[in-house]
Participant: 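Here it is: the structure, laid out below.
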Amino acid sequence: MDGGLNGPGPTVALEGTHESGEAVIILGSDAPIQIFRRSSRIEKEILERIHLEKFRFDSLLRSGEVPFEDVRQGADPPDFAVLVDGETSHLDCAALTLQSRRTAYQLFRSLRNEIMQCAKSVDFGSVGGCVLHITFGEGADLPPKRGDKRALKKIVQSIAQFPDRRQEIVNLTNVIVAQGGMPERLPLDMLTGQAPDDLALFSVNLVPDGSLTGAFYEATGFECALGMSFEVTHDSTFAELSRVISQHDQESIDHLLITVGGPDREGYVYPGEEFLHRFARDYRPTCTHLRRVTLHSFMTGEITDLVIDRAAATS
């Protein structure tokens, strides 16, 4: 790997190349952000309008002009009919996301909810003031499903039963500081725990007093994060873009607006997805009907109009 990257949010990522020479970004730690809350999931039509209006807002900020006026509901397809220079344009919305990664975080939220519920009767004092990084399988597997209460409870119990080694961790940290470097062998038994049946592995990290906040910490006394790495490459990004664009290359659609890293139906955004734009902006689609394909990063506001190669229309 060549080095670290700074994301638009609390994201840890590494940039480098495969042995084949293909550029790759490995997404590590990420923290989904709930940018708005509703009592129910956001309807598809409202989510599309949010994408549309955020694009219009960011266009105004960047150029001083809105890209279109007179937004009206379309016939689905298209999602909207808009006015561009006095003429009607048919605009459809799509999203570029890391769906399997989103699924992992959605399942992880179910585990967090289970831990919070159990905190009413379970003592997590042995990991109080710590952050647990929890991985599943080899670090790429999904957390247990929401309905798998037995697996969720096993993970909760393994956290509660983890021995109190906080003072040992403090002592180890002091030794590392005094020596000016890491020891030849880390005492992994001190720093890691495991749930039964290899359901999950977690590392225990003691953080400075006062650095943890939020409802989860208030309920449990500690924090936890999903430990899951994910590779983003040119090829994988191009393949997903090709799939999305081909689905919308229809006679009834003029303009395809692809939102990168937009909110899901629970109002969460995933900052690491913004790195998709770095590869996606190099893609050159071949379209029969679409006149314009625009990438819009929801969090950063970056806007890229892709260069389109024109394909011959088929009768």
Side-chain angles (χ1 to χ4, degrees), residues 5-13 25 27-62 66-68 71 73-74 76-80 82 91-113 142-143 146 214-216 225-226 228 230 232 236-237 240-241 243-245 247-248 255-281 293-304:
L5 293 173
N6 290 322
T11 304
V12 175
I25 295 174
L27 301 177
S29 175
D30 203 356
I33 303 168
Q34 192 170 25
I35 59 174
F36 43 77
R37 300 172 184 269
R38 287 167 56 97
S39 57
S40 59
R41 287 164 57 87
I42 304 166
E43 295 86 350
K44 172 180 175 291
E45 293 76 14
I46 294 177
L47 199 59
E48 290 167 345
R49 189 60 183 255
I50 290 171
H51 289 182
L52 182 83
E53 296 299 345
K54 182 61 163 58
F55 167 66
R56 196 151 66 144
F57 174 75
D58 287 335
S59 297
L60 179 62
L61 284 180
R62 288 172 176 262
V66 292
F68 43 74
V71 178
Q73 201 69 32
D76 194 19
D79 296 321
F80 301 100
V82 300
L91 184 148
D92 222 37
C93 292
L96 181 62
T97 66
L98 299 172
Q99 188 53 52
S100 61
R101 200 162 185 264
R102 287 191 171 205
T103 299
Y105 277 105
Q106 289 161 0
L107 293 173
F108 192 70
R109 286 199 289 274
S110 296
L111 173 59
R112 285 172 60 89
N113 290 336
L142 296 176
R146 184 178 307 174
F216 183 88
L226 175 63
M228 181 184 189
F230 198 94
V232 179
S236 63
T237 304
E240 179 61 11
L241 266 179
R243 184 190 69 82
V244 170
I245 293 172
Q247 285 183 345
H248 294 80
H255 183 187
L256 178 61
L257 173 62
I258 302 176
T259 299
V260 182
D264 63 15
R265 295 183 63 181
E266 296 176 69
Y268 283 91
V269 292
Y270 302 80
E273 291 181 343
E274 295 293 334
F275 288 116
L276 288 167
H277 200 134
R278 177 174 299 206
F279 291 150
R281 62 193 177 196
V293 177
T294 304
L295 299 175
H296 171 232
S297 287
F298 192 89
M299 291 188 67
T300 66
E302 182 179 356
I303 297 170
T304 302

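Sequential numbering from 1 along the given sequence is applied to the chain's residues.
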Participant: Taking atom CZ of Phe68 and atom CZ of Phe55, what is their separation to the nearest 0.5 Å?
Facilitator: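 One gets 5.5 Å once the value is rounded to the nearest 0.5 Å.
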
Participant: Would you check if Asp79 and Cys93 make a side-chain contact, meaning some heavy-atom pair closer than 4.5 Å?
Facilitator: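 With C-beta onward as the side chain, the pair touches.
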
Participant: Suppose we screen for side chain to side chain contact (heavy atoms under 4.5 Å, CB included). Which residues come up paired with Ala94, at least two apart in sequence or across chains?
Facilitator: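 For Ala94 the side chain to side chain contact (heavy atoms under 4.5 Å, CB included) partners, ignoring immediate neighbours, are Val244, His248, Leu256, Ile258.
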
Participant: Any chance you could measure Tyr268, atom OH, to Tyr105, atom OH, to the nearest 0.5 Å?
Facilitator: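 The distance works out to 12.5 Å.
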
Participant: Going by the rule side chain to side chain contact (heavy atoms under 4.5 Å, CB included), which residues pair with Gln247 if we only count those two or more places apart in sequence or in a different chain?
Facilitator: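 Here the qualifying residues are Arg243.
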
Participant: Within the distance-only criterion (no hydrogens, no angle test), does the side chain of Asp264 pair as donor or acceptor with the backbone N or O of Gly267 below 3.5 angstrom?
Facilitator: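 The answer is yes, because a donor-acceptor pair under 3.5 Å joins these two groups.
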
Participant: Is the backbone of Thr97 close enough, under 3.5 Å, to the side chain of Glu273 for a donor and an acceptor to pair up by distance?
Facilitator: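 Absent.
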
Participant: Test His296 against every option in His51, Arg56, His277, Lys54 by the side-chain contact (heavy atoms from CB on, under 4.5 Å) rule and name the one that passes.
Facilitator: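 With His296 as partner, side-chain contact (heavy atoms from CB on, under 4.5 Å) holds for just one option, Lys54.
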
Participant: For the atom pair CE (Met228) and OG (Ser100), what is the distance rounded to the nearest 0.5 Å?
Facilitator: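 So the CE of Met228 and the OG of Ser100 are separated by 5.5 Å.
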
Participant: In Å, rounded to the nearest 0.5 Å, how long is the span from CZ of Phe279 to CD1 of Ile25?
Facilitator: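 One gets 4.0 Å once the value is rounded to the nearest 0.5 Å.
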
Participant: With the side chain counted from C-beta on, respond yes when Asp92 and Pro78 share a heavy-atom pair under 4.5 Å apart, and no when they do not.
Facilitator: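 Result yes, sub-4.5 Å side-chain heavy-atom pair found.
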
Participant: Does the side chain of Tyr270 reach to within under 4.5 Å of the side chain of Leu27, using non-hydrogen atoms?
Facilitator: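 A side-chain contact is absent here, since even the closest heavy-atom pair is not under 4.5 Å.
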
Participant: Is it true that Arg102 and Glu266 make a salt bridge, defined as a side-chain N closer than 4.0 Å to a carboxylate O?
Facilitator: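 Between Glu266 and Arg102 there is no salt bridge, as every charged N stays at least 4.0 Å from the carboxylate O atoms.
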
Participant: Nearest 0.5 Å please: distance from the CG atom of Asn113 over to the CZ atom of Phe108.
Facilitator: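 Here the rounded value is 11.0 Å.
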
Participant: Please answer whether the main-chain N or O of Val232 pairs with a side-chain N or O of Ser236 as donor and acceptor at a distance below 3.5 Å.
Facilitator: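 Such a contact is absent between Ser236 side chain and Val232 backbone.
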
Participant: Would you find a donor on one side and an acceptor on the other, under 3.5 Å apart, between the side chain of Arg265 and the backbone of Leu47?
Facilitator: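 No, the answer is negative, given that no donor and acceptor are paired below the 3.5 Å cut-off.
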
Participant: Taking only Lys NZ, Arg NE, NH1 and NH2, and the carboxylate oxygens of Asp or Glu, determine whether Glu48 and Lys44 approach each other closer than 4.0 Å.
Facilitator: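 Answer for the salt bridge query: yes.
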
